[in-house]
Amino acid sequence: MAGSPSEKGKEDEISDPIAAAYPRPSAEEPIEEEKDIAESHLRSHDDHDDEEDKRPDLGRIKSYATGTSVVSAATTRPPDKKKPWYKQPNPLRWGKTPPVPKERKPSPEYKASFFSALFFQWMAPLMQTGYKRQLETNDIYEINPARAVEPLTDTMRASFKRRVANGEKNPLLWAMHETFFREFWIGGLCQLSSSILQVLSPFTLRYLIQFATDAYIASIRGLPAPHIGAGLGLVFGVTAMQILQSLGTNHFIYRGMLIGGMVRASLISLIYEKSMVISGRAKAGGAELLEGSAAGADVKQDKDKPGKKDAPPNQAGVSGDGIGWGNGRINLMSVDTYRIDQASGLFHIIWTAPLSCIITLALLLVNLTYSALAGFALLVIGMPALTVAIKSLFRRRKQINKITDQRVSLTQEILQSVRFVKYFGWESSFLKRLGEIRSQEITAIQVLLSLRNAIMSISLSLPIFASMLAFITYSLSHHDLAPAQVFSSLALFNGLRMPLNMLPMVIGQVTDAWSSISRIQEFLLTEEREDEGTFDPEATNAVEMHDASFTWERTPTQDEEGTVGGGGAAKAKPVKGQKDASKGTSLPTDSSGEDANTLVEEREPFKLQNLNFEIGRNELVAVIGTVGSGKTSLLAALAGDMRRTSGEVILGASRAFCPQYAWIQNTTVKDNILFGKEFDKGWYGDVIKACALQPDLDMLPHSDLTEIGERGITISGGQKQRLNIARAIYFDADIVLMDDPLSAVDAHVGRHIFDNAILGLMKDKCRILATHQLWVLNRCDRVMWMEGGKIQAIDTFDNLMRDSEGFRQLMETTAVEEKKEADHTALVPGDTGASKKKKKGKALMQAEERAVASVPWSVYAAYVRASGSMFNAVIILVLLVVSQGANIATSLWLSYWTSDKFGYSMGTYIGVYAGLGAVQALLMFGFMVALSIFGTTSSKTMLGNAITRVLRAPMSFFDTTPLGRITNRFSRDVDVMDNNLTDAMRMYFFSVGSIIAVFALIISFFYYFAIALVPLFLVFLFATSYYRSSAREVKRFESVLRSSLFAKFGEGLSGIATIRAYGLKDRFIEDLRRSIDDMDAAYFLTYSNQRWLSVRLDMIGNCLVFTTGILVVTSRFSVSPSIGGLVLSYILGIVQMIQFTVRQLAEVENGMNAVERLQYYGSELEEEAPLKTIEVRKSWPEKGEIIFNDVQMRYRAGLPLVLQGLNMHVRGGERIGIVGRTGAGKSSIMSALFRLVELSGGSITIDGLDISTIGLQDLRSGLAIIPQDPTLFRGTVRSNLDPFGEHTDLELWSALRQADLVPADGGPQPAAATAPAEGTDASLTRDTGRIHLDSVVEEDGLNFSLGQRQLMALARALVRGSQIIVCDEATSSVDMETDDKIQATIAHGFRGKTLLCIAHRLRTIIGYDRICVMDKGRIAEMAAPIELWKMEGGIFRGMCDRSGIRVEDIKNASEEMGVRAGSGQ
């Protein structure tokens, strides 16, 4: 998986990374022995990489720019230079290099002949191409039409629906069985026949050895020997059985794996279809009737579906522990379908393995009479005991998964807000938290692995002990140990190892899959959302509501450890205000609203009540109200996202929806706007103009064909919003719902959009606009004023101003022209950090470096070193050699015993034999434990280094690396290192050890064997390298395609509200199915690829068996039959080993790829300056004086300067407002001050210290920042304000009070005491009274409204109490009231401190001491506001005029500032 899941880090949406699927064993990178072949092959096209010169020590890790799109992440290279054939030592490379096909060909399997299908010969053209050149996307065959997802899903859905309707049990299981019936049972029959043959061939050995014995005895006694023809016949017979068995097994595995893949594909498709229609209540995990008591009216919703379990949300296991299906759906798609896929692969072993055990037992009884029962009894008792032991491992694994989830979600949170962590200098706090979780995790894993190794070593030794018991009993019951019986029985006992080892594993997989099937089935049966409105195209009005009430769902309960992610991310938008995370478990069913507030603080979900209104077909209605009044909820209700509990809604037309958080797809800008509509050039152009997108398109590298990163990561907030609006207009629906779309854009752009789009292109449509922008109100037809989920009034602006006192008050706090903004003309991307990212005309994201050759030795060395010391490798090897030696010695001793070589007494033979067996088991255990302990230790060390290094990486690294790629390394790759790598290594070392030992044994007796071994070994090497070159590429395509499928899935889920509102469900399902088929085309090829190799490797193995058989027959006079028997019984076991070894090597290489990628992060990333350099005095900075001296800064080498010679002197305690249009360098001042980006020239000094000389930790902890987007981390309010625990509760409470998050009298009283008393008082149930230091904060703080998060950020800066505060204008998305609070707090809370405020609105800063106007990275004007105002024709004066700010305003503002600051305390 060299590029591993996702060239464009897509898997970050997967909530359970463990699940993100261990890829099945598959062969990959070339092995050492054939490095030379591989490298000459690679050298021929190494020169195609232009990134190489720029990134020095990546030698082998090449990066293929993925600027255009995911699928093209495969490489494009200049053609290989052609050598004449006689200079090319490898005959397979002779002949033309096949050209890249223009389009993908259909899979040849579809029309392949019987023999081609039998030997997988139809793969040959692809393998040959892959060997001669690197494969391209078009080489991958299209999916076999018989295996495409659409027909299969349709069959399965129909069958499922029919069975549900008939009320059958387990409808999903039988629907799957019906869909795949034929293939499934063909696989079963193949497996059955091969199991029987597998048992018969060791039994036939008995006759072969008997033949050799007779001949040997005859030659000693001089009797006539049996005819050689009999011996040869037996050899041919055994070989033929082996061949048939190998074909049977291969086809069984192939069929099984394919069915797994197809089941998975259809299930993913069904899950996706279902997530499009699942109801909000089911999503939140509530059972159908749960809120019946609380909301009285929703009894009518209780249309029970057959087979639906009516479970209270906290009933474990039934509806996912009351966790609901928030993000679980990604889990269903990634984990559960994967498990089902896994299980269907080897399913038939469940019944064929017991069967082959029974046949084996019968044959053993024939061989050893009743003594066989002794050995068999041991197996029968041992295996179930082991299975029970393995069960206990599952329990442990569950607990480990919880810890892992905690670690991964913490990592993800830290990385998502890494800029923030850096601003605050919190890296060490988070690293400490991570370190603690990681130590727990590793300890748990080590215990688990040691237990598992104990179980493994016992289960591997069981056949040995069983055969010992049987032979000892046999000889004690006065039989002679005859070689024929003994070695044929030994082979039979060894043959039991496979089915017995597989059985518990398969049973485990099947039980896992069974629970997954029931989870998926339960999900498919959950309640579906009824369309919340009736659709009536004939209605006179576009929208009508009569007494309609709506509710959000209660948040899923949080787990005690806080490991279960709340439904946070599933709801596309946080519900303002009340949607708070519940602590504790679920509501007692009988509670009504008030008394629920006892100790379990269960939050009532937010409701809209009794809405009555009608909106005409071409009306523009504005919805206003304070934060948390239900504006967003009203639009969500109209978009069909809230559950209606009573009343009716009539929609007269199609709708388009702009949510507050724009949902942007990861495709081109154009596709985002078209959103599935036909392209109409004229209309498209109008829409672009109306949304002021032209200047932005001109800046993007490929204009409107530029790809936008996932979640719109590559464009700024303002651009996202405008795309969102453009999409809604282009869609040309008759009802347009807009949730505050103007908040994220600059004022004059907002103006432009309002005039040209909302009042222009959409003038004949029904438009509903929720907004904080009060200047739009007098231009709307009507205004709807909401408060607390009810409509206070709905009327024209003038009437409301005239008649309603409350409305006038709301307006007076904010003059009508208030929101007009400072002059920001051409809209370069908005002021989020994104303006920096924009400047790179080239492809934005760096392509992931991706391994090209196999993993270099240096990585192996680093891996060993990380485990403690290089000496550990030696320990492991010694243990391996000794344990293999013991293994061979045990069997040799058996052969000496049968031929009574030393003439000891029977007791001696038995004693030594038993002793050797026990020693062997112990050594094996020692080897395994040592390996896993060393492996996990080094995994811990390497992850520690990598995380530390990544957190210390400069911001430019995060700007150019998709988040998903980083998290992918920290979840998926670490998971491979923790759990899979040591296993793969163990099995690999083991099988290689055994093979070498056996060959050594054979050659020591039959030296001619060496002659056969050499050519076979060469063929073996060649087959694997031939296979490898195409397998690696196919696997790579599969992982790229898979990650793009995951991304599509996750993206669809996050945009469900939008997709549903636009009514585009079917188009997205169609799209997802196409992705599934693309992935499967490559996925299925990986299997046929493996089978191609297996069939051919088995041929080699069978040749070895044949050779050995012939040697035993021909040297029957000279070699003792005991030895011949020993050799034959071993060689039969080796055949399967050979295949296994190749597969394990691939796993080890895969695992080492993960190590390599982590090691790259741990050692190669560039770092920021050190955290500590010189000692800085404790009290620094005392005054807070900042001097910028000729500062120059650029974001990355090769980009233009964003600050060009900036000079500024800020006196201690001064308040400076910084204004300027977007891209003028306002935010860059902040980056320079915090040294997120190092200066290119000049210096900044704070209180006399040059900041470039001190450690980053000292610098950043001395400054405080209130960032633009308030970031909260999952945890509690306390952990968010003070992660290091440096402050007392009193300080924290006082900060919360100053930030107006708790009322003035709120404070450190226990919550339980205050809640019930005040809970009933209506005035206090506003969301403020609820915040407590231990209130739970969900991921991203989604359970707080935006305003509250903004105030939290403020409180955080207050707690810090530093002398210099930088405020990146935080008020763009907040209503007037909250804005006033923030301004007041800033005035009195930060009195006497130096304040730099980057403003987007003039009003907020005209009272400051001085104003600095930035333009193109320089200071254009800087003076007190009054003086700047007096400069006619100045920039600032121009801004004031446009915003209607007069001299009086400025004077009032500065007086008010003074007053506020004074009265503050």
Side-chain angles (χ1 to χ4, degrees), residues 3-4 6-12 51-58 61-67 411-428 430-431 434 709-711 713-714 832-840 842-850 942-971 973-974 1156-1171 1193-1199 1202 1227-1228 1230-1232 1234-1240 1256-1257 1260 1271:
S4 191
S6 154
E7 252 58 338
K8 296 200 23 151
K10 284 304 173 37
E11 306 232 348
D12 58 329
E51 303 238 353
E52 222 181 330
D53 12 290
K54 290 181 223 145
R55 303 171 64 185
D57 19 359
L58 276 189
I61 299 188
K62 298 286 193 298
S63 122
Y64 298 125
T66 55
T411 313
Q412 210 160 348
E413 261 192 288
I414 297 172
L415 294 174
Q416 267 164 352
S417 6
V418 67
R419 167 173 262 113
F420 191 86
V421 173
K422 287 185 179 303
Y423 276 145
F424 272 86
W426 278 356
E427 296 100 331
S428 49
F430 278 122
L431 282 174
L434 270 178
E710 42 187 319
R711 298 202 312 272
I713 192 148
T714 44
T832 39
S835 47
K836 312 151 191 171
K837 303 188 189 168
K838 284 308 319 163
K839 311 234 165 43
K840 289 168 287 231
K842 294 203 306 300
L844 174 83
M845 291 301 174
Q846 279 173 359
E848 178 155 22
E849 354 58 77
R850 119 173 164 195
M942 293 181 98
L943 175 67
N945 296 346
I947 285 243
T948 314
R949 192 78 178 235
V950 165
L951 279 186
R952 303 276 301 109
M955 274 317 294
S956 57
F957 167 73
F958 295 99
D959 287 344
T960 54
T961 313
L963 235 189
R965 184 186 306 160
I966 309 177
T967 21
N968 191 25
R969 289 201 188 187
F970 289 149
S971 55
D973 290 345
V974 169
E1156 178 181 23
R1157 308 227 300 276
L1158 258 193
Q1159 195 223 355
Y1160 171 77
Y1161 271 14
S1163 58
E1164 305 290 322
L1165 290 185
E1166 43 176 341
E1167 291 192 89
E1168 290 184 307
L1171 290 176
M1193 182 185 103
R1194 53 169 57 93
Y1195 277 101
R1196 283 194 294 289
L1199 297 182
V1202 281
S1227 303
S1228 306
M1230 208 161 64
S1231 300
F1234 280 87
R1235 284 177 65 194
L1236 284 192
V1237 182
E1238 297 291 345
L1239 304 183
S1240 311
L1256 291 183
Q1257 178 79 40
R1260 289 171 185 168
T1271 311

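Residues take their numbers from the sequence shown, with the count starting at 1.
Taking all atoms of both residues into account, the shortest heavy-atom contact from V950 to F958 is O-CZ, 3.2 Å. The two residues L1256 and A1169 make their nearest non-hydrogen contact at CD1-O, 3.3 Å. Across every non-hydrogen atom of S956 and Y1195, the tightest pair is CB-O, 4.4 Å. In this structure, N968 and R1157 approach most closely via the heavy-atom pair ND2-NH2, 4.3 Å.
Shown here are the side chain to side chain donor-acceptor pair (under 3.5 Å) partners of R1235, two or more places apart in sequence or in another chain: E1238.
In this structure, the ring of F430 has its center no less than 6.0 angstrom from the ring center of F424.
Between the CG atom of L434 and the CG atom of L943 there is a distance of 8.0 Å, given to the nearest 0.5 Å. Here the OG-CD1 distance, from S971 to I966, works out to 11.5 Å after rounding to the nearest 0.5 Å. Remark: E1167 CD to F957 CZ distance equals 12.0 Å, nearest 0.5 Å.
Put simply, the side chain of S1231 reaches to within 4.5 Å of the side chain of M1193, judged on heavy atoms. Side-chain contact between R952 and L1171 is present, with at least one heavy-atom pair separated by less than 4.5 Å. A heavy-atom distance below 4.5 Å is not found between the side chains of I947 and Y1161. No side-chain heavy atom of V1237 sits under 4.5 Å from any side-chain heavy atom of V1202. Within the 4.5 Å cutoff, no side-chain heavy atoms of I414 are placed close to those of W426.
One N or O on the side chain of R1260 and one on the backbone of F1234 form a donor-acceptor pair closer than 3.5 Å. Using a distance-only test at 3.5 Å, with no hydrogens or angles considered, no donor-acceptor pair links the side chain of R949 to the main chain of E1166. Panel note: side chain R1194, backbone S1240; no donor-acceptor pair is recorded below 3.5 Å. At distances below 3.5 Å, at least one donor-acceptor pair connects side-chain atoms of K422 with backbone N or O atoms of L951.
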